[in-house]
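Below: one structure, written as structure tokens.
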Amino acid sequence: MLTDLDGKVWPTPPDEEGRFKKDPRRLREITARYEKDAFVSEGHLQTRLLGNITYAKPIPPGECGITSLAAAPDGRIFGATAGLKSHLFCYDPSPDADTVIDIGVIADNTAVCRSLAAHPDGRIFGGTAGDGRNGEGFIFCYTPVSDNIITTVADPLHVIGQIKRLAAPVKNEGMATLLMDKRGRNLYGLSNRSGVLFAYDIVADKVEIKGQIDELGEYSPCLASDNEGNIYGACQRGFLFEYNPESGKIEKLNIRIPCLKGSEVYNKVDSFAVDRRSGVIYGGNTDGVIFAFNPAAREIIALGKPLASTRIRALTAGHDGKIYGLGGEPGGCAHLFCYNSRKHELKDLGALLAGVERRWYGYEFDAAVTGKNGEIYLGENDRISHLFIYYPPVENAFAT
């Protein structure tokens, strides 16, 4: 076995009948090729440290697992972490910055899971999963007061801005997920114990409980909104529901997300991504199956299973018409994959290894978002974590 950081291992390359035992050089060649073939080779991967000692203190180990990412309208990427302390950070990709800055601590002993959203005016909203006291989470807001966070390090709390606590939507419950509607007027979320759907009016600073989406409290911890503003999620056995903001009603649909035979009772959506151009909602379930749901036609189809492992832990729609995702079980080695809707092709791009800014093997990931210029940001969720940046390859428009 090939050992790596934290005692994690790679499978030993195949050596039929031990025929290379007497030829160490040949075995090294095969091992090198085997290792290379496992990693992403299409496009380019880089990492960014979560903090640069030149500008700000890095986010400590055990507090830096990235569980949410959001892209601001100006191109900056905001992220939130989980662990002993949950931090909010910002990455500015502009050439005079290109650095991750820790904005501050959101709360102790909590996480911000799938619950970060960027407002059109630049504000960042999020929701916590609750702490160890009563498990009650809260919605927060961060308002940047400078276009360039890096120039504000001398007095970070004054110039970078403060993280403001807003409402606690559901008593003694945290948030499993949170998203913003297309107008930037409301936040919609699910509580993480009983699966209560709620709405938070940003302007009125008011919470409205819409109802429990499933009588048994079974739900999937993610939501998606279509181009009409309707909210979708899943309850027990993977059946979809729709919340219509105009009628204020939750409707259970007779549509079930695809899964492997025999796992219907455990069927849950692991992640969603919406292609705004087509209006199609893409999702991945806990079996690792990718599906496409057309809200207008009320049709859902299985696209396949891109990886041998279970779990589709993050999805994002690229600017190139592809859907990018991350899959892999906890404790395993994540793979990056993509779905090309034009070719109807699912492709495993490989395990994640970056050489810049630091050579780093990525194992576990729980967040993904698309940047302003089409780059894909991937949030590593490990004891020591990094922000990965994937630059997809440029396709030849003249290729036949």
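Just the heavy atoms: all of them, side chains too, but no hydrogens, waters or symmetry mates, feed the values below.
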Before you tell me yes or no, could you show the steps for Ile124 and Ile163 under side-chain contact (heavy atoms from CB on, under 4.5 Å), namely the whole-Å CA-CA distance, both residues' side-chain angles and the distance that decides it to 0.1 Å? CA-CA 9 Å; Ile124 303 299; Ile163 300 166; over 6 Å; no
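- For residues 246-256, every residue pair satisfying the side-chain hydrogen bond (donor to acceptor under 3.5 Å, both in side chains) rule, not counting sequence neighbours, is listed here: Glu215-Lys252.
- Using a 30° and 60° split on the angle between ring planes, Tyr391 and His44 fall in the parallel class, below 30°.
- At least one side-chain heavy atom of Cys338 sits under 4.5 Å from a side-chain heavy atom of Leu349.
- Remark: Leu240 CG to Ile281 CD1 distance equals 8.5 Å, nearest 0.5 Å.
- Using a 4.5 Å cut-off between side-chain heavy atoms of Ile, Leu, Val, Met, Phe, Trp and Tyr, with links allowed through other members, Phe198 and Ile250 fall into different hydrophobic clusters.
- Closest approach of Leu166 to Cys141, counting heavy atoms only: CD1-CB, 3.8 Å.
- A cation-pi arrangement, defined by a distance under 6.0 Å to the six-membered ring centre and an angle within 45 degrees of its axis, is present between Arg165 and Phe138.
- A donor-acceptor pair under 3.5 Å is absent between the side-chain atoms of Arg76 and the main chain of Ala71, judged by distance alone.
- To the nearest 0.5 angstrom, Arg193 atom CZ is 12.0 Å from Met175 atom CE.
- Taking the six-membered ring for Trp, Phe39 and Tyr361 have ring centres closer than 6.0 Å.
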I would like to know whether Lys182 and Glu228 meet salt bridge (charged side-chain N to carboxylate O under 4.0 Å, His left out); could you show each step before the answer? CA-CA 9 Å; Lys182 63 179 183 179; Glu228 304 302 317; 5.2 Å; no
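- With hydrogens and angles ignored, the 3.5 Å screen pairs no side-chain donor or acceptor of Asp366 with any backbone N or O of Ser68.
- No donor-acceptor contact under 3.5 angstrom links the side chains of Glu264 and Tyr266, judged on distance only.
- Between the side chain of Ser263 and the backbone N or O of Leu260, at least one donor-acceptor pair lies under 3.5 Å.
- The main-chain N or O of Ile384 is never found under 3.5 Å from a side-chain atom of Asp382 such that the two would form a donor-acceptor pair.
- Rounded to the nearest 0.5 angstrom, Gln236 CD and Lys268 NZ are separated by 10.5 Å.
- Side chain of Glu329 to backbone of Thr310: a donor-acceptor contact under 3.5 angstrom is found.
- Between Phe89 and Ile59, some side-chain heavy-atom pair lies under the 4.5 Å cut-off.
- In summary, Glu208 and Lys206 do not engage in a salt bridge, as defined by a charged side-chain N under 4.0 Å from a carboxylate O.
- Atom CG of Leu346 is separated from atom CZ of Phe337 by 7.5 Å, given to the nearest 0.5 angstrom.
- Put simply, Leu326 and Val40 are part of the same group of oily side chains (I, L, V, M, F, W, Y) that touch within less than 4.5 Å, one to the next.
- For residues 288-305, every residue pair satisfying the side-chain hydrogen bond (donor to acceptor under 3.5 Å, both in side chains) rule, not counting sequence neighbours, is listed here: Glu242-Arg298.
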Could you please spell out the steps behind the ring-ring contact (aromatic ring centres under 6.0 Å, His included) verdict for Phe293 and Tyr232? CA-CA 10 Å; Phe293 170 58; Tyr232 296 88; 5.4 Å; yes
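- Contact of the Tyr142 side chain with the Cys90 side chain is not registered, since no non-hydrogen atoms from C-beta on lie closer than 4.5 Å.
- Residue Arg359 places its CZ atom among 12 or fewer non-hydrogen atoms of other residues, nucleotides or ligands, all under 6.0 Å distant.
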side-chain contact (heavy atoms from CB on, under 4.5 Å) between Leu190 and Asn192, worked out: CA-CA 6 Å; Leu190 287 173; Asn192 61 2; over 6 Å; no
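- Placement of Leu187 and Val196 within a single hydrophobic cluster is found when ILVMFWY residues are connected by side-chain heavy-atom separations under 4.5 Å, directly or transitively.
- For Arg313 and Glu364, the salt-bridge test passes: some basic side-chain N is under 4.0 Å from an acidic carboxylate O.
- A pairwise comparison of heavy atoms in Ala367 and Thr67 identifies CB-C, 4.0 Å as the closest pair.
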Run Lys164 and Phe140 through side-chain contact (heavy atoms from CB on, under 4.5 Å) and show every step you take. CA-CA 5 Å; Lys164 182 181 179 182; Phe140 64 87; over 6 Å; no
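- When every heavy atom of Ala72 is checked against every heavy atom of Ala118, the shortest pair comes out as CA-CB, 3.9 Å.
- Counting only N and O atoms by type, the side chains of Asn186 and Tyr200 include no donor and acceptor under 3.5 Å apart.
- With hydrogens and angles disregarded, a donor-acceptor distance shorter than 3.5 Å links the side chain of Thr81 to the backbone of Glu63.
- Between the side chain of Ser225 and the backbone N or O of Asp181, no donor-acceptor pair lies under 3.5 Å.
- Judged purely by atom type and a 3.5 angstrom limit, Thr128 has no side-chain atom pairing as donor or acceptor with the backbone of Ala111.
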Working note: Arg237 + Glu218, criterion salt bridge (charged side-chain N to carboxylate O under 4.0 Å, His left out); need CA distance, chi angles, decisive distance, verdict. CA-CA 8 Å; Arg237 301 176 68 87; Glu218 293 290 333; over 6 Å; no
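- For the residue pair Ser191 and Glu173, a side-chain donor N or O sits within less than 3.5 Å of a side-chain acceptor on the partner.
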Using the rule given for side-chain contact (heavy atoms from CB on, under 4.5 Å), can you reason through Ile312 versus Phe272, listing the C-alpha separation, both sets of side-chain angles and the distance that settles it, and then say yes or no? CA-CA 9 Å; Ile312 302 297; Phe272 278 126; over 6 Å; no
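- Of all the heavy atoms in Gly327 and Leu307, the pair that sits closest is CA-CD1, 3.6 Å.
- Taking both residues in full, the closest heavy atoms of Gly284 and Phe291 are given as N-CE2, 3.7 Å, listed atom of the first, atom of the second, then distance.
- If you take CD1 on Ile389 and CG on Leu378, they are separated by 9.0 Å, rounding to the nearest 0.5 Å.
- Proximity of a side-chain donor or acceptor of Thr110 to a complementary backbone N or O of Asp108 within less than 3.5 Å is not detected.
- Met180 places none of its side-chain heavy atoms less than 4.5 Å from the side chain of Tyr188.
- The two residues Gly371 and Tyr377 come nearest to each other via the heavy atoms CA-CE1, 3.7 Å.
- Here CG of Leu88 is found 4.0 Å from CD1 of Ile103. Values are rounded to the nearest 0.5 Å.
- At a threshold of 4.5 Å between non-hydrogen side-chain atoms, the residues Glu380 and Leu387 do not count as touching.
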Start with the C-alpha gap between Lys210 and Tyr243, add the side-chain angles, then the distance that decides, and say whether side-chain hydrogen bond (donor to acceptor under 3.5 Å, both in side chains) holds. CA-CA 9 Å; Lys210 302 300 180 180; Tyr243 171 73; 3.0 Å; yes
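- Of the candidates Arg48, Gln46, Glu357, Arg358, His386 forms a side chain to side chain donor-acceptor pair (under 3.5 Å) with just one, namely Arg358.
- Listed by chain and number, the residues in a ring pair (Phe, Tyr, Trp, His ring centres under 6.0 Å) with Phe365 are Phe388 (sequence neighbours excluded).
- Hydrophobic clustering (side-chain heavy atoms under 4.5 Å, transitive across Ile, Leu, Val, Met, Phe, Trp, Tyr) groups Ile209 together with Ile139.
- Residues Leu223 and Leu178 do not share a hydrophobic cluster, clusters being chains of Ile/Leu/Val/Met/Phe/Trp/Tyr side chains in contact below 4.5 Å.
- Side-chain N or O atoms of Ser220 include one that pairs as donor or acceptor with a backbone N or O of Val269 at under 3.5 Å.
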